[in-house]
Amino acid sequence: MPSPPRFSFELFPPRTPEGVAKLPAVISRLAELKPDYFSVTHGAGGSDQDGTYETILTVVRETGLEAAPHLTCVGSTRANIAAALDRYRSAGVRRIVALRGDLPATALSTEAPGEFKYASDLVCFIRETHGDQFRIEVAAYPEMHPQAQNPGADFDNFVRKVECGADAALTQLFYNADAYFHFVDRCEKAGLRIPIYPGIMPITSYDKTLRFCTGCGADLPRWVRLRLAELENDRDALLDFGLEVVTRLCETLLRNGVPGLHFYTINQAGPTMRLWENLKLSVTA
Ligand code: FAD
């Protein structure tokens, strides 16, 4: 029998005093949905490793649920990464989302500065130094990473991360389910056996959705973009439309047997909770 879908919620370390004050309540509300774990970004938007670490501790303290730090290696050293891993181990962390991270805007190639060039180097390092003590999740790009030479080269790079020891992958956000299913087919044909969890970004604003999609190279279907533009100044109608689009996407994914969903919460409980209700997902434990 296939296992029930797994759900995870992504947070980022808050950057303002108001964000810090609000976060425990957001986490508590989301925890009512009993996700399998929360993940916490690192480096995205300038957050440092301490911010990630503190947010991981907040999640564990507020919920008792599992929390997985994202660990980026761009610009880092083996010594820094080793120290971060040791600190997480001592805090009881058992799962890491291993990433290269975004390159500085001035970078001339996909090769990161520092002692790790790619996420695959980080995955290999974690396995070499910590064996199976961490479950490792990596990023996957159904619509290709924007800096990749071509889809084939990007896929080969994904395979490398799995060969280095990744246990699972979380995808970049997408609004085109076919891209995800094509990617999963490709993984199956290549003999990759790890689960690929779709990354789900709720739609709550025209500007932000456009910016996210442009930034990561995700296709925003023309009809969705046009309708969001039309509703830009009618917040309630835009939220309803965004909810309908993302609900249908999730329904299609779940109906076709995805292993679970990874929600980009953007540190807000409301959008993820509304999706959850619409999807009639139950609380699993
Ligand atoms: P990689 O897998 O290393 O790939 C990066 C690029 O290099 C790709 O174009 C790939 O094709 C190419 N490449 C890989 N290996 C080789 C090779 N050997 N030779 C040539 N080219 C190669 N960013 C943050 O800063 N913080 C976060 O917390 C964060 N969380 C994320 C969570 C998820 C689920 C996702 C999908 C993305 C996240 N990101 C985060 C964004 C991510 O860091 C960027 O997309 C980054 O540009 C690539 O990271 P990666 O781990 O996918 O890199």
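When a ligand or atom number is given, it counts from 1 through the structure's own listing order. All heavy atoms count here, side chains included; hydrogens, waters and symmetry mates do not.
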May I ask you to decide if the ring planes of W276 and F263 are parallel, tilted or perpendicular, using 30° and 60° as cut-offs?
tilted
Decide if the gap between the ring center of Y141 and the ring center of F183 is smaller than 6.0 angstrom.
no
Just distances here: any N/O of R100 and N/O of ligand 1 closer than 3.5 Å?
yes
Proximity winner for atom 43 (O) of ligand 1, if only heavy atoms of G101, A139, S120 are counted
G101
Going by the order shown, which atoms of ligand 1 are within less than 4.0 Å of some heavy atom of Q172?
36 (C)
Of H145, M144, K161, the one whose closest heavy atom lies nearest atom 47 (O) of ligand 1 is H145
Quick one: is the NZ or CZ of R87 closer than 6.0 Å to the six-membered ring centre of Y53, and within 45° of its axis?
yes
Measure from the ring center of Y264 to the ring center of H262 and say whether it is less than 6.0 Å.
yes
Aromatic plane relationship, F134 with H130 - under 30° parallel, 30 to 60° tilted, over 60° perpendicular
tilted
Does R160 come within less than 4.0 angstrom of ligand 1, counting non-hydrogen atoms of the residue?
yes
List every atom of ligand 1 that sits less than 4.0 Å from any heavy atom of T72, numbering the atoms from 1 in the order shown and giving each element.
24 (C), 25 (O), 26 (N)
Report yes or no: does a heavy atom of Y264 sit under 4.0 Å from some atom of ligand 1?
yes
Out of N157, L122, D121, who is nearest to atom 12 (C) of ligand 1 when you count heavy atoms only?
N157
When you measure from the side chain of N267 to the backbone N and O of F12, does any donor-acceptor pair fall under 3.5 Å?
yes
Contact check, side chains of Y180 and L253, non-hydrogen atoms, under 4.5 Å:
yes
Which ligand 1 atoms, with their elements, are less than 4.0 angstrom from a heavy-atom of A148?
9 (O), 11 (O)
As an exercise, identify every atom of ligand 1 less than 4.0 angstrom from a heavy atom of Q147.
9 (O)
Backbone N/O of P69 and side chain of S39: donor-acceptor pair under 3.5 Å:
no
Report yes if some N/O of A119 lies less than 3.5 Å from some N/O of ligand 1; otherwise report no.
yes
Just which atoms of ligand 1 are under 4.0 Å from any heavy atom in H70?
27 (C), 28 (O), 29 (C), 30 (N), 31 (C), 32 (C)
Identity of the nearest option to atom 10 (C) of ligand 1, non-hydrogen atoms only, from L71, D154, T52:
D154
Check for me whether Y141 has a heavy atom closer than 4.0 Å to any atom of ligand 1.
yes
Would you say the side-chain atoms of H42 pair up with the backbone N or O of L71, donor to acceptor, closer than 3.5 Å?
no
